[in-house]
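All values reported here derive from a predicted model rather than from experimental measurement. Naming: A, B, ... by sequence-line order, numbering from 1 per chain.
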2 protein chains.
Amino acid sequence: MPTLDDVARLAGVSRVTASRVLNGTYPNKVSESTRERVRAAVAELNYITNVPARALRSKRSMQFGLLIPDLAFSFMPEVVQGLQDIASKMDYGCLIYLTHDQPQQEERSLSTLIGRRVDGLIWMPTAHPTERTRTLQGTLPTVTILVTPEGTSVPSVLIDQEEGGYVAAKHLLELGHRRMTYMYVDHRHWQQRRVGYRRALAEYGIADAPFYYTQVPKMDWHESLIIARQLLKSPTRPTAVIAASDVVALAVLRAARELGLQIPKDLSVVGFGNSSFSHQIELPLTTVDHPKRHVGQVAMQGLAELLGGNTIENTVLPVTLVKRLSSGPPQAV
Amino acid sequence: MPTLDDVARLAGVSRVTASRVLNGTYPNKVSESTRERVRAAVAELNYITNVPARALRSKRSMQFGLLIPDLAFSFMPEVVQGLQDIASKMDYGCLIYLTHDQPQQEERSLSTLIGRRVDGLIWMPTAHPTERTRTLQGTLPTVTILVTPEGTSVPSVLIDQEEGGYVAAKHLLELGHRRMTYMYVDHRHWQQRRVGYRRALAEYGIADAPFYYTQVPKMDWHESLIIARQLLKSPTRPTAVIAASDVVALAVLRAARELGLQIPKDLSVVGFGNSSFSHQIELPLTTVDHPKRHVGQVAMQGLAELLGGNTIENTVLPVTLVKRLSSGPPQAV
DNA sequence: ATGAAAGCGCTAACAA
DNA sequence: TTGTTAGCGCTTTCAT
């Protein structure tokens, strides 16, 4: 693999001059003829810059770390696309590490990322990062996505969960529903949804009773199915369900089907996420769209700002209700 | 950020000795007391090895490149999980680049990866890589996944598509279907499926007629829906459809619903991929499972072998038919 | 068992 | 406009 010295030799110039031509430093302070010879040498040798070597000298690795729980986590793929949209334009490489939501993995990966001297970090933290994780993170320009780590002030790109809870509930309330429940997962990440949900209920003068909340242990189809079955079997079953995610919504639809309930006549269902399957399934799902790709783009742009020495504000991206066929007016009683 | 020299100084040894302790080179040729002092210094300074610097000297970056069309491509997330399962144990970092199926992007990314001196490459090629892409790839230990690039002999990890086509068709034939069609996408990647499909038909003495093949321009729900509508409206419509993917299968289910066809009474549907939603949807889909995570694991293990100087064989991983509710015997005529 | 010297490939700082 | 010198942080080689 040819080095810059090889190029320089072939072009009959010094290594430094070759470097200058390649990096466009010193705009016009290299003569045209020299530039030409260097370029010719580069082409002839198929020279490709050794980026890590450059990084060692110039203190910028041109890589950032992406530290996330899981790619399977519904919309991560799209977030990553968004990051790459911007990163590739900046010639930034993306080093990806998964935590599987385990603080220990997270700490280890973060440590590794620092060892690899990434210039910055895009991070979706676990629920309870270790103390050491926080310390390590503090040494690195960081943008968190989707979640803010407890008690720190790292710039973050969030989705307007409060509004999500609000629009979902408002939609159902407007349709005339009064007996509804929010199948929620108790995680810091989604707490604000409950706030928005409650706000909508309050607007319609509905008292905040336990009936309106149904907890699901985690974002899992099976677990949700069990809960949904219980819920819908009850004689006082709700006329509408807001599901913690589109996958949870699928579980509700399944339970409804098992019990012979018609959607949306007997039961309205609203999901979260606008996953690709949500409009492809047999009965298109009403859902709250999340600007996934946008999260990635904004996060990467934010990181670029940080790397440029600027400071950035937190960003909260808006959600949109997508009305489809799984929601409608409740049956006349 | 502390360097090895800082550690050495604090421990009162030379840089070289510190390096030896950290890397475990020279098994027992460093005295226990020295090791102890070095370790103490590392802990005190929170020293983390500068991996790129080490790489520069030792010629191994401990990073590999992952070059794939797209993360949204249904099962990529799981493949990546598989890669990481192995890579993280080997302390290998994963630099991810997307091609969006564009040969130019692919060439550019590959070039960048080489510039970053990755030790190896895991690659799902576009349909027609450029000449330069092939040349560049030739310089790098590579394992391709899911597709073999035309006319080259790069070791690859594939899924047994032929068998996939076969078991899908066989399943339907055993159920008694005779008028079926395979909604295929004409891409090198999936050509072998047609072969397996045809093999099953032949076993049942069915002549290979155009009726048995319905082309879909690409793996896209909308496009598939349009085709599926035409297909199912025909008076000579098939009693069973094998869809090119689970998403295409969703389109078929939708079209069937629109036309009032009962599944599986009026129409059986088989998908490919066993996507997570395939068993979560209202009517669980019969589908051919692909060992996605396994693909990643085997690919990474293969790359490890290559990096160790060994040669490896191509691997073809088996598929499994998952029978669910979308397939059944055809209605008596 | 430890260290000194050299150098991986590159760029920053200074000279000319 | 170009080159020289130095050194980023580490490991390899050779010496002791």
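- B:E36 has its CD atom 17 Å from the C1' atom of C:dA1, to the nearest Å.
- Distance B:I114 CD1 to C:dG9 P: 16 Å, rounded to the nearest Å.
- A salt bridge links A:R108 to B:D91: at least one charged side-chain nitrogen sits closer than 4.0 Å to a carboxylate oxygen.
- Residues A:S58 and B:S58 both approach DNA chain C. Their nearest nucleotides, taken by heavy-atom distance, put B:S58 toward the 5′ side.
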Full working for side chain to side chain contact (heavy atoms under 4.5 Å, CB included) between B:D85 and B:R293: CA-CA 9 Å; B:D85 289 346; B:R293 189 159 187 151; 2.8 Å; yes
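- An OP1 or OP2 oxygen of C:dC8 is reached within less than 4.0 angstrom by no side-chain nitrogen or oxygen of A:T3.
- You'll find the side chain of A:T99 stays beyond 4.5 Å of the side chain of A:W123, heavy atoms only.
- Taking atom CG on B:L56 and atom P on C:dT11, their separation rounds to 12 Å, with Å as the unit.
- With hydrogens and angles left out, the side-chain atoms of B:Q192 and B:D160 include no donor and acceptor closer than 3.5 Å.
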Protein-nucleotides 3-7 of chain C N/O pairs closer than 3.5 Å?
unit_1	atom_1	unit_2	atom_2	d
C:dG3	OP2	B:S14	N	2.8
C:dG3	OP2	B:S14	OG	3.2
C:dG3	OP2	B:T17	OG1	2.7
C:dG3	N7	B:R20	NH2	2.6
C:dG3	O6	B:R20	NH1	3.1
C:dG3	O6	B:R20	NH2	3.3
C:dG7	N2	B:R57	NH1	3.3
C:dG7	N3	B:R57	NH1	3.3

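- Counted by atom type alone, B:S109 and B:T112 present zero donor-acceptor pairs between their side chains at under 3.5 Å.
- For B:E44 and B:R39, the salt-bridge test fails: no basic side-chain N is under 4.0 Å from an acidic carboxylate O.
- Boundaries of the chain A contact region on DNA chain D are D:dT1 to D:dG9, first to last in 5' to 3' order (nucleotide atom under 4.0 Å from a heavy atom).
- At C:dG9, none of the side-chain N or O atoms of A:T49 fall inside 4.0 Å of OP1 or OP2 (strictly under the cut-off).
- In this model, the phosphate group of C:dG9 is approached by a side-chain N or O of B:K59 to a distance below 4.0 Å at OP1 or OP2.
- Screening B:R116, B:E106, B:Q105 for a side chain to side chain donor-acceptor pair (under 3.5 Å) involving B:Y97 leaves a single residue, B:R116.
- The shortest side-chain heavy-atom distance between B:M300 and B:M90 falls under the 4.5 Å cut-off.
- Between the CG atom of A:D5 and the P atom of C:dC10 there is a distance of 7 Å, rounded to whole Å.
- Put simply, the side chain of B:D101 never gets that close to the backbone of B:P69: no donor and acceptor are under 3.5 Å apart.
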